[in-house]
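Notes to accompany the following structure.
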Amino acid sequence: MRGIYTSVNDIRKRVFAEVARLSYNYKDDGDLSEMEQIPYRVIPGEVSVYRDSVFLERAIVKERMRLAMGLPVRTAAEHAPVSTGAIECVKPEKYYQPPLVNIIKFACHSCPDNVVKVTDACQGCLAHPCREVCPKGAVSLKDGHSVIDPGKCIKCGRCIEACPYGAIVRLERPCAKACGMKAIGSDQYGRADIDQDKCVSCGMCLANCPFGAIADKAQIFQVIQAIRSDTPVYAAIAPSVSGQFGSDLEPSKLRRAFQALGFEDIAEVAIGADLCTLEEAKDFVEEVPENLPFMATSCCPAWSVMAKKLFPEQAKCISMALTPMVLTGRLLKRLHPGCKVAFIGPCAAKKLEASRRTIRSDVDFVLTYEEVMGMFEAKEVDFKTLEETDTMHGASGDGRGFAVSGGVASAVVNAIHDMYPGREVNVAHAEGLDNCRKLLQMAKAGKYNGYLLEGMACPGGCVAGAGTLIPIGRAAGANALHKKVSTHAHATQNDYQYLLGAIEEDDLKPKAE
């Protein structure tokens, strides 16, 4: 379903645009009653197009609005105007409260989870191999067709493999299947339920739910209120931005596009990626293998949180270098004292990272590309008419390559080769949290001693984040083109000294919690 524009994407875009319009038009008078009209604009008329009831559709839109403003989601048992508590969102410093990723319960389809089922494709063949291979006698014949007794079935999948027609399938809840942390189960009504102790906010569940029942909280309203204040707000744009807003918004137009939204200016987070690369290269050479058996990259917050949750003994092997987002935010605040910084990227987990107490002073807001597109819609920005300016300069091709799986490790290896000639580095990388877990299991067993490990929570890397707008393959291709036009190939070749001069040396390491 990734990369296919569906009605779920369309509704999300319209909700984000309406929330952005509400914030741009807010008159500082405490009146947010306009929120009550938005569900009727998103779902007009008297007949529902998507579900059985137009009233249910509007109720779901109301909760989507609240989440887009950083407010808590409500159950069907709670009765109150959609604007209840919304006045808190007027404060630019208002931050959403956990949990970040939420399920709108009355939008959940209660999908079957891990059920083996015979479909109508069953041909009632003479051999009945499905019955012959079942170790529990769960398959029987009824009117010549196979039937599975769910009370006996142990979901081993042997019947699925044996059927020559592919007539037996395993039904899995899409959100649970996409969750590499196995954090999604069922509540008492069979609806999806998130174990927040396991969740790392990668967002793969919300990106894969075909009913649009899962959403993360956003800061659209708060960012716009900050923009409307006297404080300059800078947009720190992630390396995965290439192509995300369509072919009409070329890199040379990004500055004017974000200024049209009210941002003071933009900065390329790939510059922070270069600084992160240099720190990780230095750390790897100094620590592995003398002090650490291996070192893992730190830039993907979902990967690093997963590692710390599931492999606490190996937590010390995660690089201590600050992430590109934080480094860029810290640089911007040094260069422009008193400003606010909004990270614009593909990632839900970056919202979790920025919510940490030690990070909030560096990055004030996090928005996804999908949420920013809602802002463009609200302001009716016509990309075709925008003036071209100098493209974002300063980052190396390797820094921009952080957006794709394998790109971080490649950047660090290139830096090590430049900084420490003759030092060879073995690399292993994984994408998707299931594979990341396997990678760390092998590292724990000693299979990757001396290695540099890279983990990306999203299959494909950041270009596949939950907040992206275009197909993964197209995004990776656009990123490759953006890398080619970089002034420098590697982080070590970048003219970063003037940036390093803007921050103290100890600022390159995390502050104590």
Side-chain angles (χ1 to χ4, degrees), residues 1-11 48-53 56-57 60 103-194 203-214 431-435 437-438 458-460 464 466 471-474:
M1 196 172 74
R2 300 300 308 280
I4 303 173
Y5 190 82
T6 68
S7 56
V8 172
N9 304 110
D10 188 60
I11 291 172
S48 176
V49 176
Y50 309 109
R51 299 176 188 264
D52 294 336
S53 165
L56 175 60
E57 275 298 330
I60 294 169
I103 297 175
I104 304 172
K105 292 288 189 171
F106 48 85
C108 180
H109 188 62
S110 301
C111 302
D113 191 23
N114 195 21
V115 173
V116 179
K117 181 179 181 180
V118 180
T119 69
D120 291 340
C122 177
Q123 300 298 302
C125 63
L126 180 64
H128 298 302
C130 54
R131 183 180 63 179
E132 302 305 324
V133 300
C134 180
K136 296 296 182 181
V139 182
S140 59
L141 302 178
K142 184 176 181 180
D143 299 326
H145 288 76
S146 297
V147 177
I148 296 175
D149 182 345
K152 294 181 179 179
C153 179
I154 59 173
K155 285 88 173 177
C156 65
R158 294 184 186 178
C159 58
I160 298 173
E161 297 172 358
C163 178
Y165 297 101
I168 306 177
V169 297
R170 185 190 304 275
L171 298 178
E172 296 179 82
R173 178 175 273 141
C175 57
K177 183 178 180 180
C179 179
M181 292 297 292
K182 311 302 180 190
I184 298 181
S186 300
D187 65 12
Q188 67 269 37
Y189 301 112
R191 303 171 304 193
D193 196 54
I194 299 175
M204 287 297 98
C205 57
L206 70 90
N208 285 278
C209 174
F211 286 88
I214 309 178
E431 51 188 274
L433 288 177
D434 267 334
N435 291 326
R437 180 194 289 110
K438 295 173 184 175
C458 300
I472 299 168
R474 190 193 305 171

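In this structure a side-chain-to-backbone donor-acceptor pair under 3.5 Å is present from K105 to A192.
Between R173 and C209 the shortest side-chain heavy-atom distance does not fall below 4.5 Å. For the pair L141 and S146, the minimum side-chain heavy-atom distance is below 4.5 Å. Considering only heavy atoms from C-beta on, V116 comes within 4.5 Å of C159 through its side chain. For the pair L56 and S48, the minimum side-chain heavy-atom distance is 4.5 Å or more. At a threshold of 4.5 Å between non-hydrogen side-chain atoms, the residues I11 and Y50 count as touching. At least one side-chain heavy atom of M204 sits less than 4.5 Å from a side-chain heavy atom of P459. With contacts defined as side-chain heavy-atom distances shorter than 4.5 Å, the pair P129/P164 qualifies.
The OG atom of S140 lies 9.0 Å from the CD1 atom of I148; values are rounded to the nearest 0.5 Å. Here the NZ atom belonging to K155 is positioned 5.5 Å from the SG atom belonging to C153, to the nearest 0.5 angstrom. Taken from CG in D193 to OG in S186, the straight-line distance is 8.0 Å, to the nearest 0.5 Å. Residue I103 holds its CD1 atom at 6.5 Å from SG of C108, rounded to the nearest 0.5 Å. In this structure, the separation between SG on C458 and CD on E431 is 10.0 Å, given to the nearest 0.5 Å. Between the CG atom of N208 and the SG atom of C175 there is a distance of 9.0 Å, given to the nearest 0.5 Å.
Here the closest non-hydrogen pair linking V133 and A162 is CG2-CB, 3.9 Å. Nearest heavy-atom pair, R191 versus S110, reported as atom, atom and distance to 0.1 Å: CG-OG, 3.2 Å. Across all their heavy atoms, V118 and I168 have their closest contact at CG2-CG1, 4.1 Å.
The neighbour count for R158 CZ, taken as heavy atoms of other residues, nucleotides or ligands under 6.0 Å away, does not exceed 12.
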message: What verdict does the side chain to side chain contact (heavy atoms under 4.5 Å, CB included) test give for V147 and V139, after you've listed the backbone C-alpha separation in whole Å, the side-chain angles of each residue and the deciding distance to 0.1 Å?
response: CA-CA 6 Å; V147 177; V139 182; over 6 Å; no
message: Run the salt bridge (Lys or Arg N to Asp or Glu O under 4.0 Å) test on D113 and R170 for me, step by step, so that the C-alpha distance in whole Å, both residues' side-chain angles and the decisive distance to 0.1 Å come before the verdict.
response: CA-CA 9 Å; D113 191 23; R170 185 190 304 275; over 6 Å; no
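Residue pairs meeting the ring pair (Phe, Tyr, Trp, His ring centres under 6.0 Å) criterion with at least one partner in residues 108-165, sequence neighbours excluded, are H109-F211.
The pair D149-K136 does not meet the salt-bridge criterion, since no charged nitrogen lies less than 4.0 angstrom from a carboxylate oxygen.
Checking N9 against T6 by side-chain atom types alone, a donor-acceptor pair falls below 3.5 Å.
For R51, the side chain to side chain donor-acceptor pair (under 3.5 Å) partners are E57, not counting sequence neighbours.
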